[in-house]
Amino acid sequence: MQSTNAKGGIDGAAPIPHGAALLRDPTLNKGTAFSVREREALGLRGLLPPNVCTQEHQVTRVLENFRRLQTPLAKYILLEALQDRNEALFYRVVSDNPDEMMPIIYTPTVGLACQQFGHIYRRPRGLYISSADRGQIEKVMRNWPYPEAAIIVVTDGERILGLGDLGTNGMGIPIGKLALYTAGAGVHPKRCLPVMLDMGTNNETLLNDPLYLGQRQRRLEGAEFDAMVEEFIDATQKVFPGILVQFEDFANHNAFRLLRTYRDRICCFNDDIQGTASVTLAGIYSALRVTGKPMREQTFLCLGAGEAATGISDLLVEAMRADGLSEADARRRCWLVDSKGLVVASRTGLAEHKLPYAHDHAQVSDFLSAVKALKPTAIIGVGATPNTFTREVVETMCALNARPIVFALSNPTSRAECTAEQAYTWSRGKALFASGSPFDPVTYEGKTYVSRQGNNSYIFPGVGLGVVTMRATRVSDAMFMTAAQTLAHTVSEEDLAQGSLYPALSRVRDVSAQIAAAVGEVALREGVAGVPRPDDLLAFMRASMYEPKYESYVD
C-alpha cells in the first residue's frame, strides 16, 4: 500500500520538514494528531495545543463545523481549506461520508464554486499554464513539487459542466475530479496533478470582473490553440514520462479533435466523451435487468448532440453489436436532438461528430415530436437544457413503454432536464430514472424511490487506478466497456427494487477496485500493460490504494 512513510513521502521520498514548515505542508500535516514524541523530534513543541487528538476526534470537529454551515458554497470553502491544510484528514472525511461530501466537492456545488472561483480563491492548487508561457511550458511543469505525479486532469475552461466558458475559473473541475480519484479510488494525492490551460476567455462577465484570475484576453483559436496543446502534451511526457492525461470540459469543436490526435500517441482519455458513455451504459444495463428486454431491441434518443451524446451513442453501438446487431443497424437505433431539432441526414452543415447519427428521417423540430415519431425505449438528456423532459414527454414515454428509461444527466442541478420527483410522479412510478446531479428520495403512492446519480465518479477513478497501477501505455474503448459492465454487475437486486440503477456511493472504493481490476485485465489482453500479470488482479489493485490514515514519523 502506498502511504506516507517515515520519510514523509511515498516510496521513499525526501525527509520531511520540521517545525512550522511541516504544519504548512498539507501532504504531511497531521495537526493536533502529532504525538508527543513527534512534536519533540520534529520541532513542533509549542506550535500546537497540548492535547493530542486522534484522527477520529478531528473528523468529529470537521463534521460539527461543516454541518453548522447553511449553504453548499460555504461548505465547499470549508472543505477546500481543510484540503489545503491537512490532506489525510480531508480524504478521511470525504471517504467516510461520501453521500454528504461528494455533492459538495463535485457536482452540483463545484459548478457554483467555479462561477465564484476568483471571489473565493484562497490558496493555489495545481498548475496554471497560460499562453504567456508558450515556449517554456516544460520549464513551468518542472515547478511542480511532486515528481511521482501519475495522473493529470487538464481543462481549458471553455465548457465547464453545463455552464459554458468559465476561463481560469474552471480550475475547480480538475481539482474536484482529482479529489474523487483519491477519495473514490485511493490514488495517492501526490500522484494527482490538476492543470489549467489558460487560453483566455470569451466570457464578457469574467473579462470585466476585477477579481477574475485568468488572462484578460480572447481565447486562442485554430493553429495557436493547437500549438499550445501540442507543447503541453510534449512537456507532460518529458517531465512525467507515461503520465495519464485526462481531458476535461473542452468545447466540442476541440474535444473530439484532441482525443483523435493524442489517443494513439500517449496514455489519455476524454472523460466527457468516454467516461460519460461508460457510466450511462452501466445504467442502461441495470435498467434492462428490470425491463427484461435485450440491448439489441432498444432505441435511444439523446437530447444533446455534443461530446456526451456522441460518446454515449458510440458505446451503445458497441453494446448492441455485442448483442448481435450489425454496426449499421445499431447506429440506426441511436438518435440525437440538438438545438435545431432531430439530427437527420438531409440537414446541411452538420458537425463531423454528428454525421454517424444523422439518419434518413423527416425533419422534426422539437424533442416531444421526436419522442412521438421515433418511439424510443430510453431518453438520455445531456444537452444542459433544463426542464426539457416535460410532463408530456414523460407521459408519452410511459404510453410507449411499460418501464421507460429516463436519464436526466445534465449538471449542475440547475441544468437538469427534470427532477427525480417529476420523473416518478409524472410516470406514476414507472420510470427507470437516473440523473447527473443528486436528488433526495421520492415517495409516490406509498413507495420510496431512491434514484442515484449517473455520475462519472463511478467510472473514471477506477479506470485511472487500473491504468496507472498497470502502467498502461494507452487507454482503449474496451476499458470503458468493461468498466460499464463491471459497474452494472455491482448493482444488487435490492438496489433495483428501490429504483437505484447504480450502487450506493458508500461502496465506491470497492467498486473502483473492481473496475481497476477489470481495466487491468484489458490492459494485459491488449498488450499495453507495463507490469507483469499479478497473481490476483483485484488484490493487487486494493493493495495499491491510498488509505487516508496517519502514519508515525518517528521510529
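Without hydrogens or angle criteria, Ser437 side chain to Thr413 main chain gives a donor-acceptor distance under 3.5 Å. Distance alone, capped at 3.5 Å, is enough to place a donor-acceptor pair between the Arg347 side chain and the Leu342 backbone. Using modelled atom types, no side-chain atom of Ser278 and backbone atom of Ala483 make a donor-acceptor pair closer than 3.5 Å. Although no hydrogens or angles enter the test, the distance criterion places no donor-acceptor pair under 3.5 Å between the side chain of Asp495 and the main chain of Ser500. Listed for the Asp323 side chain is no donor-acceptor partner under 3.5 Å among the backbone atoms of Pro294. Distance alone, capped at 3.5 Å, places no donor-acceptor pair between the Thr482 side chain and the Ala478 backbone. A donor-acceptor pair is defined here as one N or O able to donate and one able to accept, closer than 3.5 Å; such a pair exists between the side chain of Arg257 and the backbone of His253. For the pair Asn401 (side chain) and Arg403 (backbone), a donor-acceptor distance under 3.5 Å is absent. Side-chain N or O atoms of His359 include one that pairs as donor or acceptor with a backbone N or O of Cys334 at under 3.5 Å. Thr310 places a side-chain N or O within 3.5 Å of a backbone atom of Gly306 that can act as its donor or acceptor partner.
There is no side-chain donor-acceptor pair under 3.5 Å between Thr385 and Glu417. Side-chain contact annotation: Thr443 with Thr448, donor-acceptor N/O pair under 3.5 Å present. For the 3.5 Å distance criterion, the side chains of Thr107 and Asn455 qualify, holding a donor opposite an acceptor. At a cut-off of 3.5 Å, with distance as the only test, no side-chain donor of Gln514 or Thr486 sits close to an acceptor on the other residue. Tyr357 and Arg331 share a donor-acceptor pair across their side chains, judged by distance under 3.5 Å alone.
Heavy atoms from other residues, nucleotides or ligands lying under 6.0 Å from NZ of Lys340 number 12 at most. The number of heavy atoms from other shown groups lying within 6.0 Å of CD (Glu421) does not exceed 12. Around atom NZ of Lys293, no more than 12 heavy atoms belonging to other residues, nucleotides or ligands sit under 6.0 Å away.
Ion pairing of Arg321 with Asp329 is absent here, as no side-chain N (NZ or NE/NH1/NH2) approaches a carboxylate O to less than 4.0 Å. Salt-bridge annotation for Arg525 and Glu521: absent, with no side-chain N of the basic residue lying under 4.0 Å from a carboxylate O of the acidic one. Contact check on Arg474 versus Glu526 returns no salt bridge, with no Lys/Arg side-chain nitrogen under 4.0 Å from an Asp/Glu carboxylate oxygen. Of the charged side-chain nitrogens involved, none lies within less than 4.0 Å of a carboxylate oxygen, so that Arg333 and Glu297 do not count as a salt-bridged pair. Salt bridge annotation for Arg159-Asp165: absent, with no cationic side-chain nitrogen under 4.0 angstrom from a carboxylate oxygen. Salt bridge Glu493/Arg289: present, at least one basic N to carboxylate O contact under 4.0 Å. A salt bridge links Asp477 to Arg263: one of the charged nitrogens lies within less than 4.0 Å of a carboxylate oxygen. Using a 4.0 Å cut-off between a side-chain N of Lys or Arg and a carboxylate O of Asp or Glu, Glu395 and Lys430 do not qualify as a salt bridge. Using a 4.0 Å cut-off between charged side-chain N and carboxylate O, Lys75 and Glu80 make no salt bridge. In this structure, Asp360 does not pair ionically with Arg332, as no charged nitrogen and carboxylate oxygen lie closer than 4.0 Å. In summary, Arg92 and Asp96 engage in a salt bridge, as defined by a charged side-chain N under 4.0 Å from a carboxylate O.
Closest non-hydrogen pair, Phe389 versus Ile380, comes out as CZ-C, 3.9 Å. In this structure, Val110 and Gly172 approach most closely via the heavy-atom pair CG2-O, 3.5 Å. When all heavy atoms are compared, the tightest approach of Ala513 to Met545 is CB-SD, 4.0 Å. Taking every heavy atom of both residues into account, Leu281 and Ala319 meet most closely at CD1-CB, 3.8 Å. Nearest heavy-atom pair across Ala185 and Leu465 is O-CD2, 3.4 Å. Of all the heavy atoms in Tyr91 and Thr182, the pair that sits closest is CE2-CB, 3.4 Å.
The six-membered or imidazole ring of Phe460 lies away from that of Phe269, with a centre-to-centre distance of 6.0 Å or more. A distance below 6.0 Å separates the ring centres of Tyr502 and Tyr458. If you look at Tyr424 and Tyr449, their ring centroids are closer than 6.0 Å.
Counting heavy atoms from C-beta on, the side chains of Cys267 and Ile243 never come closer than 4.5 Å. Two residues are said to be in side-chain contact when any heavy atoms from C-beta on lie closer than 4.5 Å; Gln115 and Leu163 meet this criterion. Considering only heavy atoms from C-beta on, Thr490 comes within 4.5 Å of Arg507 through its side chain. Between Thr390 and Val394, the closest side-chain pair of non-hydrogen atoms is not below 4.5 Å. In this structure, Val508 and Ser457 have side chains that are not in contact, with every pair of non-hydrogen atoms separated by 4.5 Å or more. In this structure, Ile151 and Arg191 have side chains that are not in contact, with every pair of non-hydrogen atoms separated by 4.5 Å or more. A 4.5 Å side-chain heavy-atom check between Phe300 and Ile312 finds every atom pair outside the cut-off. In this structure, Val317 and Glu327 have side chains that are in contact, with non-hydrogen atoms separated by less than 4.5 Å.
Note: Ile173 CD1 to Ile160 CD1 = 5.0 Å, rounded to the nearest 0.5 Å. With values rounded to the nearest 0.5 angstrom, Asp156 atom CG is found 11.0 Å from Leu166 atom CG. The line from CD of Gln453 to OH of Tyr106 is 10.5 Å long, rounded to the nearest 0.5 Å.
Applying the side-chain contact (heavy atoms from CB on, under 4.5 Å) test between Leu400 and each of Thr299, Val371, Thr377 identifies Val371 as the sole match. Lys177 pairs in a salt bridge (charged side-chain N to carboxylate O under 4.0 Å, His left out) with only one of the listed residues (Asp271, Asp272, Asp249), which is Asp271.
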Show your working on salt bridge (Lys or Arg N to Asp or Glu O under 4.0 Å) between Glu445 and Arg428 and close with a plain yes or no. CA-CA 8 Å; Glu445 293 189 349; Arg428 299 182 180 180; over 6 Å; no
Please walk me through it: do Ile175 and Gln83 pass side-chain contact (heavy atoms from CB on, under 4.5 Å)? CA-CA 11 Å; Ile175 291 171; Gln83 186 180 18; 4.3 Å; yes
Go through the steps to decide whether Phe247 and Val153 satisfy the test side-chain contact (heavy atoms from CB on, under 4.5 Å), and finish with yes or no. CA-CA 6 Å; Phe247 294 107; Val153 176; over 6 Å; no
Phe540 and Arg542: side-chain contact (heavy atoms from CB on, under 4.5 Å), yes or no, with the steps? CA-CA 6 Å; Phe540 184 62; Arg542 286 177 171 154; over 6 Å; no
Arg260 vs Glu352, side-chain contact (heavy atoms from CB on, under 4.5 Å): CA-CA, chis, key distance, verdict: CA-CA 12 Å; Arg260 286 195 305 269; Glu352 182 180 358; 4.0 Å; yes
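Note: His361 and Trp335 have perpendicular aromatic rings, judged against thresholds of 30 and 60 degrees for the angle between ring planes. Relative ring orientation between His353 and Phe256 is described as parallel, the plane-to-plane angle staying below 30° on a 0-90° scale split at 30° and 60°.
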